[in-house]
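Worth knowing before you read on, the calculation uses all heavy atoms, side chains too, and leaves out hydrogens, waters and symmetry mates. Throughout, protein chains are lettered first and strands after them, A, B, ... in sequence-line order, and every chain is numbered starting at 1.
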2 protein chains.
Amino acid sequence: MTADLIGRLREVVGPSGLISDPGEMAGYLTDWRNAYTGTAAAVVRPGSTEEVAGVVALCREAGVAVVPQGGNTGLCGGAIPDSSGRQVVLSLTRMRRIRDLDAANQTITVEAGAVLQSVQEAAAAAGRLFPLSLGAQGSCTIGGNLATNAGGTGVLRYGTTRDLTLGLEVVLPDGRVWNGLRGLRKDNTGYDLKQLFIGAEGTLGVITAAVLKLFPAVRSRATAWVALPGPQAAVDLIGVLRGLAGDRLTGFEIMSRQSVELVLRHSSGARDPFGDRHPWYALVELSDSLPVAGLDGVIESALGEAFEHGLVVDAVVAANPAQAAALWALREGISEAQNHEGPSLKHDVTVPVSRIPAFVEGTDRALEGAVPGIRIVTYGHIGDGNLHYNLSKPVGSGDEEFRARAGALARVIYDSTRAFDGSISAEHGLGQSKRGIIADYKDSLELDLMRGLKQLFDPRGLMNPGKLL
Amino acid sequence: MTADLIGRLREVVGPSGLISDPGEMAGYLTDWRNAYTGTAAAVVRPGSTEEVAGVVALCREAGVAVVPQGGNTGLCGGAIPDSSGRQVVLSLTRMRRIRDLDAANQTITVEAGAVLQSVQEAAAAAGRLFPLSLGAQGSCTIGGNLATNAGGTGVLRYGTTRDLTLGLEVVLPDGRVWNGLRGLRKDNTGYDLKQLFIGAEGTLGVITAAVLKLFPAVRSRATAWVALPGPQAAVDLIGVLRGLAGDRLTGFEIMSRQSVELVLRHSSGARDPFGDRHPWYALVELSDSLPVAGLDGVIESALGEAFEHGLVVDAVVAANPAQAAALWALREGISEAQNHEGPSLKHDVTVPVSRIPAFVEGTDRALEGAVPGIRIVTYGHIGDGNLHYNLSKPVGSGDEEFRARAGALARVIYDSTRAFDGSISAEHGLGQSKRGIIADYKDSLELDLMRGLKQLFDPRGLMNPGKLL
């Protein structure tokens with residue numbers, strides 16, 4: 001039966017589009033962090049929407065589950081098959097064409113397997129900006145970004161992947177192809193079906209292409225590194241910056257001293273911009289489409305005003321792109337630096353921006369109560385209310401002992417997030433990792449409606465089963 | 001049975017919350033243009049979400065359909081009951097509280113019956129902008145804006161109502177209340193249910209409250225009136241403006257000479273800003289959160305560049321707010337002025353911005369072929385690809401003769417819209433008016449999926465039946 005299916009799949013995708021050798025399949029069966037591993041009957045790599053539809057139809061007929069996969073850079077195991085060996089991994093990586101770029105309409109039409117960075121580059125070549133930007137951009141695919149509604153550093157100004165999407169093409173679980181590739185900014189002719197597939201982690205169908213929004217290119221930038229007394233000052237500083245710079249405020253990241261300390265210790269060439277230690281830091285970026293926009297003046301006025309109100313203790317404005325890059329390196333080095341300190345327990349949560357200060361205070365206190373001496377590495381996109389609440393063991397304690405507490409510590413953070421009306425997954429999705437606990441944090445009515453939608457679109461449960469729901 | 005239901009509804013909403021006298025009901029049974037009229041068993045005006053849930057549950061038990069209604073300013077009859085006299089109109093107008101305004105989170109939480117202008121004013125009082133802006137803002141409600149995914153003049157920069165929404169509270173067709181009032185910019189924990197209710201015209205449930213996004217207040221503005229050789233120049237001018245001004249470009253409306261001519265003829269005080277006649281005009285607005293933003297300089301540079309490329313024939317920049325208001329009055333007077341010229345056949349369509357020039361040329365030619373001498377009053381939010389393609393009879397011909405051609409002329413415009421990958425309803429929805437013809441313009445697979453969703457949420461078909469689907 002499986003051999004028969006594999007033969008028929010090979011007819012659809014061609015010999016080079018099907019992998020069944022265990023060695024060659026390995027890269028598709030384990031995520032990049034080695035956190036999740038599965039097995040599969042085959043990996044198929046269709047080259048067109050029609051081939052995807054053919055694969056889905058054949059698998060449906062055979063009662064075999066399909067696991068869509070993009071660049072395999074997810075953090076929750078959403079694109080990794082189970083261990084039954086009966087599932088088929090559907091990799092979109094051969095479908096990477098940029099089908100169209102319409103500069104006047106400010107849209108780009110791309111296939112699901114296009115790598116995010118290639119989309120950014122195509123937009124830039126046309127004098128436009130595709131603003132989705134995240135660490136994995138050199139290998140993650142647009143299809144994966146859509147399936148997980150990816151966020152990243154541009155959300156503050158440009159929104160998440162959902163906000164950047166005008167149209168989709170989707171292969172439904174029954175093999176039919178929905179062509180919703182509309183490049184329209186306004187279309188009120190019924191339910192907005194594309195919204196269902198964005199963020200659904202491949203459980204309602206396979207996204208094969210999308211029409212995405214473009215923006216005017218950025219032509220000037222100002223970057224500052226700021227020392228703050230605490231998270232409340234950070235929230236107030238956002239208010240001061242928005243009041244003066246409006247939507248020129250395109251980046252606002254905060255980092256606890258603990259976070260920066262790890263980078264200074266482990267990253268070669270990292271240097272503290274200030275002589276003194278401060279409890280919290282912010283990285284501020286303004287940007288503009290005008291080549292000469294006076295952004296340095298705006299950022300200096302805003303920081304001056306903030307200093308007078310006691311929100312800012314010290315600040316430095318980058319004098320050139322190299323200095324700006326060095327400041328961003330301090331922020332981007334945190335995750336890597338933390339790996340030198342033993343196991344790193346990662347949590348990705350949001351609360352309303354206004355509640356960040358009380359949330360951080362309450363969560364820190366609860367964590368320190370649970371594990372005295374725990375090192376709390378808090379940083380993230382605070383302008384979106386998004387914090388990466390990462391934890392390292394107390395100095396001198398054992399790795400295994402700390403790992404054993406992982407579940408209990410996650411509960412501490414998630415319970416606190418719920419108490420502050422937040423979400424336990426800001427931008428990483430649920431995948432396999434949070435699928436089990438989401439029921440404890442989401443309204444049962446909402447889970448009911450989600451199950452109804454899953455049943456409506458995928459009554460046989462063959463589309464990425466065991467993920468999200 | 002009906003009398004019994006009315007008695008029980010009165011118990012839920014109180015005596016002042018139920019209207020059954022035909023005279024008092026009249027205002028709820030006819031739309032503001034007198035285009036649609038229905039009858040009803042009663043009009044209920046609940047004062048709270050719990051009361052809405054009670055009304056919906058009682059009607060469901062009795063097998064009686066519910067027609068949700070906001071400010072009754074819709075253009076497609078979506079909030080008007082049928083003529084059976086058995087339906088219950090559920091007016092949200094008593095639920096108009098602003099529940100919360102969180103300046104740091106840039107959000108406002110409002111009840112569905114809040115009038116749009118009151119939301120704008122509450123935001124302004126907190127130094128913020130709620131950017132949804134449209135002609136009916138003094139009487140339309142947020143619930144209606146959400147149910148129809150309203151557009152208006154701010155879409156170019158800020159998006160439609162959907163883009164402005166972070167969370168919803170909804171009474172489901174079975175009377176359960178879904179509390180999705182989250183004020184989060186990032187939340188990837190499953191299907192984004194709120195998207196289903198936005199733009200669903202009350203067919204999947206009753207929206208009772210929403211969390212909406214706020215933006216930095218606008219502190220400076222520049223406005224220009226521009227003469228253009230044709231629609232292609234308008235599209236190219238948008239490109240020039242975006243290249244220099246980026247997202248400061250917050251308004252870009254075009255008008256055919258025919259449109260402006262009618263305003264000059266019928267609006268008292270209207271004055272042509274130019275001595276010569278020109279085939280097309282654009283109204284351009286730049287705005288900024290900075291109080292001193294140099295916008296006049298930016299708009300003059302952009303228009304100078306456009307003039308050199310032959311895109312602009314003449315232009316005037318408003319020297320003060322009164323002049324800007326006079327320019328906007330020329331644009332806003334079109335609809336009213338057209339009423340003086342006999343029946344006005346209105347169509348609200350979008351195509352991709354880049355296709356506007358060919359679309360206008362092809363559609364005009366087809367209309368003139370169908371009715372020689374027809375007067376084509378084309379204007380709209382061309383930055384979003386949205387044109388109001390309105391028609392007036394040839395000079396000297398009869399009203400009835402022209403009205404008799406309404407269906408055929410609509411087909412000419414909609415067929416052309418489809419040929420250019422557009423939508424036959426940009427911002428007005430389907431309601432009763434386009435419900436019959438949408439099947440000719442939408443993919444049958446998409447209609448299938450829509451019917452499946454309707455069946456899932458409202459299996460008894462009691463939630464605003466006869467609308468949208």
(request) Report the distance from atom CG of B:Asn188 to atom CD of A:Glu427, rounding to the nearest 0.5 Å. (result) 8.0 Å
(message) Report which part of B:Asp384 has an atom under 4.5 Å of a heavy atom belonging to chain A: side chain, backbone, both, or neither.
(response) both
(request) Could you check which of A:Val235, A:Asn386, A:Leu156 has the highest count of heavy-atom pairs closer than 4.5 Å to chain B? (result) A:Asn386
(request) Heavy-atom distances under 4.5 Å only: say whether B:Arg157 touches chain A with side chain, backbone, both or neither. (result) side chain
(message) What part of B:Leu290 gets within 4.5 angstrom of chain A, counting heavy atoms only: side chain, backbone, both, or neither?
(response) both
(message) Can you tell me which portion of B:Leu184 sits under 4.5 Å from chain A's heavy atoms? Options are side chain, backbone, both or neither.
(response) side chain
(request) Evaluate the side-chain proximity of A:Lys442 to B:Thr189: yes if any heavy-atom separation is below 4.5 Å, no if none is. (result) yes
(request) For chain A, find its close neighbours in residues 349-358 of chain B: heavy-atom separation under 4.5 Å, sorted by number, or none. (result) B:Thr350, B:Val351, B:Pro352, B:Val353, B:Ser354
(request) Please report the shortest heavy-atom distance between A:Met450 and B:Tyr191, naming the atom on each side. (result) O-CE1, 3.4 Å
(request) Find the distance between CG (A:Leu214) and CZ (B:Arg242) and round it off to the nearest 0.5 Å. (result) 10.0 Å
(request) Would you mind reporting whether B:Val155 and A:Lys186 have side-chain heavy atoms less than 4.5 Å apart? (result) yes
(request) Look at A:Arg248 together with B:Asp247 and state whether they make a salt bridge at an N to O cut-off of under 4.0 Å. (result) no
(message) If we define contacts as heavy-atom pairs under 4.5 Å, which of A:Leu204, A:Asp348, A:Ile438 has the most with chain B?
(response) A:Leu204
(request) Under 4.5 Å heavy-atom distance to chain B, tell me which part of A:Gln106 shows up: side chain, backbone, both or neither. (result) side chain
(message) Under a 4.5 Å cutoff for heavy-atom pairs, which residue among A:Asp421, A:Leu244, A:Thr160 has the most contacts with chain B?
(response) A:Leu244
(request) Identify which part of A:Tyr441 has an atom lying under 4.5 Å from any heavy atom of chain B, answering side chain, backbone, both or neither. (result) neither
(request) Considering non-hydrogen atoms only, spot the tightest contact between A:Leu453 and B:Leu453 and give its length. (result) CD2-CD2, 3.4 Å
(message) Is B:Ala245 close to chain A through its backbone or its side chain, or both, or neither, when contacts mean heavy atoms under 4.5 Å?
(response) backbone
(request) Specify which of A:Asn149, A:Ile198, A:Ile238 makes the most heavy-atom pairs with chain B at under 4.5 Å. (result) A:Asn149
(message) Assess whether a salt bridge exists between A:Glu446 and B:Arg182, defined as any Lys/Arg side-chain N lying under 4.0 Å from an Asp/Glu carboxylate O.
(response) yes
(request) Give, as side chain, backbone, both or neither, the part of B:Thr107 having an atom under 4.5 angstrom from any heavy atom of chain A. (result) neither
(message) Check A:Arg162 with B:Asp192, please: is the shortest side-chain N to carboxylate O separation under 4.0 Å?
(response) yes
(request) Please look at B:Lys454 and chain A and tell me whether the side chain, the backbone, both or neither of the residue comes under 4.5 angstrom of a heavy atom of that chain. (result) both
(request) Using non-hydrogen atoms and a 4.5 Å limit, figure out which bit of B:Leu447 sits close to chain A: side chain, backbone, both or neither. (result) neither
